[in-house]
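Read through the structure below, which is laid out as structure tokens, and then see the notes.
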Protein chains: 2
Amino acid sequence: MAAESAVFTIADSAFARKLSAYVKLSPADLLVLSDIYRRKRDFAVGHDMIHEGERSHHAYILASGWACSYKILNGGTRQIVDFQVPGDFLGLRSVLFRTADHNVEPITPVQASEVRQQDLLAAFSHTPRISTAVLWTASRDEAMVVEHLVNLGRRNAAERTGHFLLELAARLRLVGMGDKKGFACPLSQYHLSDALGLSAVRVNRVLRLLREEGMLTFHKGQVVFKNYDALVAFTGFDRTYLDHDGPLLP
Amino acid sequence: MAAESAVFTIADSAFARKLSAYVKLSPADLLVLSDIYRRKRDFAVGHDMIHEGERSHHAYILASGWACSYKILNGGTRQIVDFQVPGDFLGLRSVLFRTADHNVEPITPVQASEVRQQDLLAAFSHTPRISTAVLWTASRDEAMVVEHLVNLGRRNAAERTGHFLLELAARLRLVGMGDKKGFACPLSQYHLSDALGLSAVRVNRVLRLLREEGMLTFHKGQVVFKNYDALVAFTGFDRTYLDHDGPLLP
DNA sequence: GCATGATACTGATGGAGATCAGCCCTGTGC
DNA sequence: GCACAGGGCTGATCTCCATCAGTATCATGC
């Protein structure tokens, strides 16, 4: 009874939907997942979910809300590495390495499932499919970080900003939170600047430029693509790094 | 007999040494690995090992030589994402996603073991420890890419260059190819510039600066740290992201 | 009703690094 | 012996973006 409702919950979640795209999960696999997935926790804005250096023993799966992972440098500047949206795994590295090498902060109020280290490792040992599926999501996350790297290294401020918003839109579409017209975006221009390696002033000017060029607007928590194709051409966005070819394991 | 010698070979390799640091591997695990590991291939400079867009069915484990993974942008500029040194896994993402999202090019003549997709996935299914160990190496690679991202986003040219060379040194020390004094480095200043998101001219000037400040020299294929501690302080290098706390699985 | 703090926005100035255009050196092939 | 290419190195100029120093707007609490 309880197990059944748990299965229902997990099978319904953004996370299971994402995993299923990678690896076909059996009912037994789903049971294991739902066990991992059980404990929900809430996080308020202003309190980090994970602290760098912390010897952390759990990771999280985001159920609702947005978060971001970041690092702080000597000078006090920060670099946001990635944003997490519902369905995303978060803090996997800090569990595998046992001490966190980055911080994670909620951007909106967040609800997340706490995944305990021992549960996760046990699941890996006993259900290889889950292990492979998680490896897959980790690889996809890495593909995104790689694209951010290219973004910072070789694109100018305008291309970089546009590219980033296009990626965000593509990710959100996968979990049904947006379309080619745009998406709801709780980020401030400061968030963008920390993610893009720019100053907030420049982000503001770039957004004005993109608006004046008729490509997109960023206003009141809404990103609207005014000319999607032009923006794709301008930024050189190629979404193949986000995609895959369907389930690898039958 | 053959199996034994194979076990010997694999147990001796930089790759198995790295995996063992993460997860204790049984003789049976080593046998599976050595089977994956059997086919050696040579690659000459000037011919990519992996091409972006290619529907690739194998990955490689680097036995000797250096390689780099990179992406080419519209304008023809390129961004090197990472360098691979002996013991590194390479092309894992392209196997998991079935089509490569980046290129890999040898920097020196390379010898590498070819890992076929089906062998790898079979190993994951039947020997969960290997799966976990590979997840671990993948996470470590991601940690490095993340640090490169921070490097590009928030450090200036000199800090960035110094930080990068310190990281390289730390990685090479793990496989016995250098120490705190320095290491043999086959990279050209062009390689550095493509990795650091700088122009070759700037890399040259930054290297001069670091030399004049008595921190390091980069000359004739040798990186020599003249003042390691000063360089660490100057660049804000903190090597914890490369380390881990010993075997996770008993 | 007013202070306070986020966030958005703007003009002026300066600086880090790109770009352009070269030179020098060394190894390699013919 | 010479041509040629790749890598290292340098000065001059320009540009993109950071920084500084603000103003404007809106929600929040007291």
Side-chain angles (χ1 to χ4, degrees), chain A residues 44-46 66 68 73 75-80 105-109 151-162 164-165 185-212 216-224 234, chain B residues 44-46 66 68 73 75-80 105-108 151-165 185-213 216-224 234-235:
Chain A
V45 178
W66 288 42
C68 69
L73 303 217
T77 57
R78 82 166 176 173
Q79 176 66 45
I80 291 179
E105 159 189 296
I107 288 171
T108 67
N151 226 6
L152 291 193
R154 292 296 181 204
R155 277 191 262 262
N156 67 28
E159 294 164 358
R160 204 184 294 179
T161 306
F164 186 79
L165 293 175
C185 176
L187 305 178
S188 71
Q189 296 183 0
Y190 291 92
H191 285 125
L192 280 186
S193 72
D194 281 345
L196 297 170
L198 298 169
S199 66
V201 174
R202 180 114 316 253
V203 167
N204 185 279
R205 284 176 178 144
V206 161
L207 288 175
R208 179 177 60 181
L209 182 100
L210 292 173
R211 174 167 19 94
E212 285 169 359
L216 66 79
T217 62
F218 180 99
H219 189 60
K220 297 249 180 206
Q222 283 289 330
V223 172
V224 179
F234 172 67
Chain B
V45 178
W66 289 42
C68 69
L73 303 217
T77 57
R78 83 166 176 173
Q79 176 66 44
I80 291 180
E105 156 188 298
I107 288 170
T108 68
N151 226 6
L152 291 194
R154 292 294 180 204
R155 277 191 262 260
N156 67 29
E159 295 164 356
R160 203 185 295 180
T161 306
H163 191 280
F164 187 79
L165 292 174
C185 177
L187 304 179
S188 71
Q189 296 184 357
Y190 290 92
H191 284 126
L192 281 186
S193 72
D194 281 346
L196 297 170
L198 298 169
S199 66
V201 174
R202 181 116 313 255
V203 167
N204 184 279
R205 285 175 179 146
V206 161
L207 289 175
R208 179 177 59 183
L209 181 100
L210 292 173
R211 174 166 21 92
E212 285 170 358
E213 295 291 325
L216 66 82
T217 62
F218 180 98
H219 189 60
K220 296 249 180 208
Q222 283 289 331
V223 172
V224 180
F234 172 67
T235 61

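Here is how names work: the chains are called A, B, and so on, in the same order as the sequence lines, proteins then strands, and each is numbered from 1.
DNA chain D is contacted by both A:Leu198 and B:Gln189; B:Gln189 maps to the nucleotide lying nearer its 5′ end (nearest heavy atom per residue). Comparing A:Arg155 and A:Lys220 against DNA chain D, the residue whose closest nucleotide sits nearer the 5' end is A:Arg155.
Of the side-chain N and O atoms in A:Asn204, one or more sit less than 4.0 angstrom from OP1 or OP2 of C:dC9. Dashed line: the shortest gap from a side-chain N or O of B:Arg208 to OP1 or OP2 of D:dT10 is under 4.0 Å.
Among the nucleotides C:dA8, C:dG17, C:dC20, the one closest to any side-chain atom of B:Ala157 is C:dG17.
Distance CG (A:Leu209) to P (D:dC16): 11 Å, rounded to an integer number of Å. Rounded to whole angstrom, the span from the CG atom of A:Leu187 across to the C1' atom of C:dA8 amounts to 15 Å. As a whole-Å value, the separation of A:Leu207 CG from C:dC9 P is 8 Å. The nearest whole Å value for the distance from the CG atom in A:Leu192 to the P atom in C:dT7 is 12 Å. Atom CZ in B:Arg202 sits about 15 Å away from atom P in D:dC9, given to the nearest Å. Between the CG atom of A:Asn156 and the P atom of D:dA18 there is a distance of 11 Å, given to the nearest Å. Remark: C1' of C:dT7 and OH of A:Tyr190 are 6 Å apart, rounded to the nearest angstrom. B:Asn151 has its CG atom 12 Å from the P atom of C:dG17, to the nearest Å.
The backbone N or O of B:Trp66 sits less than 3.5 Å from a side-chain atom of B:Thr108, completing a donor-acceptor pair. No donor-acceptor distance shorter than 3.5 angstrom exists from the side chain of A:Arg154 to the backbone of B:Gln79, with no hydrogens or angles considered. Judged by distance alone, with hydrogens and angles left aside, the side-chain atoms of B:Thr77 form no donor-acceptor pair with the main-chain N or O of B:Leu73 at under 3.5 Å. Remark: side-chain polar atoms of A:Arg160 are paired, donor with acceptor, to backbone N or O of A:Arg155 under 3.5 angstrom. A donor-acceptor distance shorter than 3.5 angstrom exists from the side chain of A:His191 to the backbone of A:Ser188, with no hydrogens or angles considered.
Within 4.0 Å of A:Ser199, counting heavy atoms only, lies at least one base atom of the nucleic acid. Counting non-hydrogen atoms under 4.0 angstrom, A:Gly197 reaches the backbone sugars and phosphates but no base.
A heavy-atom distance below 4.5 Å is found between the side chains of A:Glu105 and A:Arg78.
What you find for B:Ile107 and B:Pro186 is that their closest heavy atoms are CG2-O, 4.0 Å.
Using five terminal pairs a side, the axes of the helix from C:dG1-D:dC30 to C:dC30-D:dG1 at its two ends make an angle of 40°, given in steps of 10 degrees.
Judged by distance alone, with hydrogens and angles left aside, B:Arg205 brings a side-chain donor or acceptor within reach of the base of D:dG11, the pair sitting under 3.5 Å.
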